[in-house]
Amino acid sequence: MVNVILKADSDKGLINRNIYGHFSEHLGRCIYEGLWVGEDSPIPNTEGIRNDVLAALQKLNIPVLRWPGGCFADEYHWKDGVGPKSERARMINTHWGGVEENNHFGTHEFMRLCELLGTEPYISGNLGSGTVQEMQEWVEYITFDGESPMANWRKQNGREEPWKLKYFGVGNENWGCGGNMRPEYYADEYRRYATYVRNYSENQIYKIACGPNDSNYEWMEVLMREAARFMDGISLHYYTIPTGVWEDKGNATGFGEAEWFTTLKKTLFMDELLVKHSEIMDKYDPEGRVGIIVDEWGTWYNVEPGTNPGFLYQQNTMRDAVLAAVNLNIFNQHNKRVHMANLAQIVNVLQSLVFTEGDKMILTPTYHVFDMYQVHMDAQRLDLSYESPGYTFGEETIPQLSLSASRNKDGVIHVTGCNLSHTDELEVVVQLEAGQAASVSGQLLHNTDFGAFNTFEQPDQVKLVAWEGLVLENNTLRFVLPPASVGVVAVQG
């Protein structure tokens, strides 16, 4: 049993809704077939965007969506993706499968998708193979409301009013696929390019610098020292790879107890990364103005047998659901520095929310976690104190319990929790201090098979259910988390 003290009147700062953001890259079947089918498709769509995926994503109230990459961003030339579709330039997607990109999904289509989703667009600009002028003109095309060649071109292409664009990334993974740059060189390039990412009229852009890959603390040090005053946020990328071996990452399904444990142990490294990178940032930004933007995170396994290895298609199990919950709890705990996070990726790629196959669509276990956890968006984080029991496998031990708590604008307290153990249930007793609790309800995500996943033939193997057995007495909440499960509890005053 775990005893938890929850201070209902505490205020640990706002949990930025953008922590629950997502990422869509021109990779595999994420954009084409996943989000976009075209206006002439027999699959029901709204202006080319497939309706079933749109409805599923609308339910999550997605706060921010990143596009067009990823590695693709630093070979993407935006002018190829505007104007009549029949006249748009075709290209080869050299990073992801060598397939042809017809550029039918471009700036107008992405911004329309964001409008339909009610989400903030986050555009990654091309610093690796693009020019300063190209980046400057893209921002002008999107946001300028006056008379200019780019604004006039936008109007000719069917959009009279400018869009609002808040988030703009100045390059992506420039330490790798975005140019293999040294941090000193990128810092100077960032300063140059960011100068021309201008604010037009009332549109104010939050500029995001390319930050480090996982534990490259030198990159963070150099960027903060040389360019912090020119940025609003800095990215961090960390993928959970069970084996730690890039060439053989482990399989998405059919894994055993050892792989379950190792995967969760590796994902907990996210907490250490945020602690150490925050310490570096504190030296150069003691006020905490610059945010950490974890704009690529999630699991990365071997691709599913028989699929294009460049499409990064992998299944999604209860392991991914628990892992997602753990990371979201970690981001919540670091809410002072973490301004945004973007799960990779939204459809058909890596740790997806939904899968599509022709005109069919299914929800993944990870989708259900984001459905439960959206209660934390823009809520006040509450002070939690507890000591998790250890979850031991072999000679290694990690915490068994991960929790988050927040209070929304209506005064409702939400507690999200996950049990990392694949074998043992866990009783949790939460003492509510300085608050009056009148009723409690909850949802639970669980399957007796920790490797369970949804298929097009069996789409509800893993689904949310009402959480039975919640007990509330004298401001004390009791619940039992089954092995390998994720739950959310709502406490009404």
_Distance-only side-chain donor-acceptor flag, N302 / N251, under 3.5 Å_ = yes
*When you look at N93 and E101, which way does the side-chain hydrogen bond (donor to acceptor under 3.5 Å, both in side chains) test go after all the steps?*
CA-CA 6 Å; N93 192 331; E101 161 69 51; 5.0 Å; no
*asked:* Between N335 (side chain only) and G13 (backbone N and O only), is there a donor and an acceptor less than 3.5 Å apart?
replied: yes
*Does Y190 have any ring pair (Phe, Tyr, Trp, His ring centres under 6.0 Å) partners at least two apart in sequence or in another chain, and if so, which?*
none
_Derivation and outcome, ring-ring contact (aromatic ring centres under 6.0 Å, His included), residues F355 and Y313_ = CA-CA 9 Å; F355 293 145; Y313 178 73; 5.2 Å; yes
*Kindly indicate whether the side chain of L384, heavy atoms from C-beta on, has any atom under 4.5 Å from the side chain of I5.*
no
*asked:* Could you check whether D320 and T366, counting side-chain N and O atoms only, form a donor-acceptor pair closer than 3.5 Å?
replied: no
*Give, for atom CZ of R29 and atom CG of N348, the distance between the pair rounded to the nearest 0.5 Å.*
4.0 Å
*Please examine the side chains of M340 and N16, heavy atoms only from C-beta on, and report whether any two atoms are closer than 4.5 Å.*
no
*According to the ring pair (Phe, Tyr, Trp, His ring centres under 6.0 Å) rule, which pairs have a member within residues 285-309, sequence neighbours left out?*
Y239-W300, W246-W300, W297-F331
_What verdict does the side-chain contact (heavy atoms from CB on, under 4.5 Å) test give for K12 and Q380, after you've listed the backbone C-alpha separation in whole Å, the side-chain angles of each residue and the deciding distance to 0.1 Å?_
CA-CA 7 Å; K12 307 296 285 186; Q380 295 293 330; over 6 Å; no
*Assess whether side-chain contact (heavy atoms from CB on, under 4.5 Å) is satisfied between S24 and L35, documenting all intermediate values.*
CA-CA 9 Å; S24 56; L35 293 167; 4.0 Å; yes
Hey, can you pull the donor-acceptor pairs under 3.5 Å for the side chains in residues 476-490, sequence neighbours left out?
residue, atom, partner, partner atom, Å
T476, OG1, Q431, OE1, 2.8
S485, OG, P482, O, 2.6

_Taking every non-hydrogen atom, the tightest pair across A252 and T317_ = O-CG2, 3.4 Å
*Go through the structure and list residues passing disulfide (SG to SG under 2.5 Å) with C114, not counting sequence neighbours.*
none
*Identify, with sequence neighbours excluded, every residue that meets salt bridge (charged side-chain N to carboxylate O under 4.0 Å, His left out) alongside R17.*
D378
*asked:* So D271 and H334, do their side chains get closer than 4.5 Å, heavy atoms only?
replied: yes
*Given side chains that start at C-beta, do those of L401 and V428 come closer than 4.5 Å, heavy atoms only?*
yes
*What's the shortest heavy-atom distance between N3 and Y386, and which atoms?*
O-CB, 3.6 Å
*Dump the intermediate steps for side-chain contact (heavy atoms from CB on, under 4.5 Å) on V429 and V2, then the final yes or no.*
CA-CA 6 Å; V429 179; V2 180; over 6 Å; no
*Contacts of K265 that satisfy salt bridge (charged side-chain N to carboxylate O under 4.0 Å, His left out) - sequence neighbours left out*: E396
*Pairs satisfying ring pair (Phe, Tyr, Trp, His ring centres under 6.0 Å), at least one member in residues 426-446, at least two apart*: none
*Taking only residues two or more places apart in sequence, or in another chain, which ones meet S215 in a side chain to side chain donor-acceptor pair (under 3.5 Å)?*
none
_Main chain of G256, side chain of E259: is a donor-acceptor contact present, judged purely on distance under 3.5 Å?_
yes
*Would you call K276 and E279 a salt bridge, using N to O less than 4.0 angstrom?*
no
*Q374 side chain to K59 main-chain N or O, any donor-acceptor pair under 3.5 Å?*
yes
*Side chains of N342 and Y122: do they bring a donor and an acceptor to under 3.5 Å?*
no
*Distance only, no hydrogens: is a donor on one side chain within 3.5 Å (strictly under) of an acceptor on the other, for H237 and D214?*
no
*How about Y373 and H414: are their ring centroids closer than 6.0 Å?*
no
*Indicate yes or no: does R66 engage E296 in a salt bridge with an N to O separation below 4.0 Å.*
yes
_Nearest heavy atoms of M377 and N61, plus distance in Å_ = CE-O, 3.5 Å
_Electrostatic pair D282:K336 at N-O distance under 4.0 angstrom_ = no
_Heavy-atom side-chain contact between L312 and C30 under 4.5 Å_ = no
*For T267 and T263, indicate whether the former's side chain and the latter's backbone hold a donor-acceptor pair under 3.5 Å.*
no
_Partner residues of E221 under the salt bridge (charged side-chain N to carboxylate O under 4.0 Å, His left out) criterion, sequence neighbours left out_ = K283
*Ring centre gap for H26 and F72 strictly below 6.0 Å*: yes
_Going by salt bridge (charged side-chain N to carboxylate O under 4.0 Å, His left out), name the residues that satisfy it together with K463, two or more places apart in sequence or in a different chain._
none
_T364-N454 side chain donor-acceptor pair, cut-off 3.5 Å_ = no
_Shortest non-hydrogen contact from I292 toward S278_ = CD1-OG, 3.7 Å
*Are Y367 and N316 close enough that a side-chain donor and a side-chain acceptor fall under 3.5 Å?*
no
*asked:* Less than 3.5 Å apart, any donor N or O on the side chain of Q314 or T299 sitting next to an acceptor on the other?
replied: yes
*Any donor-acceptor pair under 3.5 Å linking the side chain of W96 with the backbone of C71?*
no
*Where is the tightest heavy-atom contact between L445 and M318, given as atom of each residue plus distance?*
O-CE, 3.8 Å
*Which residues satisfy the ring pair (Phe, Tyr, Trp, His ring centres under 6.0 Å) test with F255, sequence neighbours excluded?*
F450
*Say whether E25 and Q345, considering side chains only, have a donor N or O and an acceptor N or O under 3.5 Å apart.*
yes
_Counting neighbours of CG on N474 that are heavy atoms of other residues, nucleotides or ligands and sit closer than 6.0 Å, is the number greater than 12?_
no
*Under a 4.0 Å N-O cut-off, is there an ion pair linking R407 with D9?*
no
*Measure the spacing between CG of N174 and CG of L223 and express it to the nearest 0.5 Å.*
9.0 Å
*asked:* Go through it in stages, so that I can follow the logic: the residues are F23 and I346, the test is side-chain contact (heavy atoms from CB on, under 4.5 Å), and I'd like the CA-CA distance, side-chain angles, deciding distance and then a yes or no.
replied: CA-CA 6 Å; F23 173 32; I346 197 165; over 6 Å; no
*Would you confirm whether the ring centroid of Y238 sits within less than 6.0 angstrom of the ring centroid of F269?*
yes
_Is it true that N332 and S404 share a donor-acceptor pair across their side chains at a distance under 3.5 Å?_
yes
_Looking at F456, I'd like to know if its CZ atom is crowded, meaning that more than 12 non-hydrogen atoms belonging to other residues, nucleotides or ligands lie closer than 6.0 Å._
yes
*Do any pairs count as a side-chain hydrogen bond (donor to acceptor under 3.5 Å, both in side chains) and have a residue in residues 415-426, sequence neighbours left out, and if so which ones?*
E257-H422, N329-T416, H376-T416, Y391-H422, Q400-N419, S421-T423
*Quick one: do D232 and R289 make a salt bridge, cutoff under 4.0 Å?*
yes
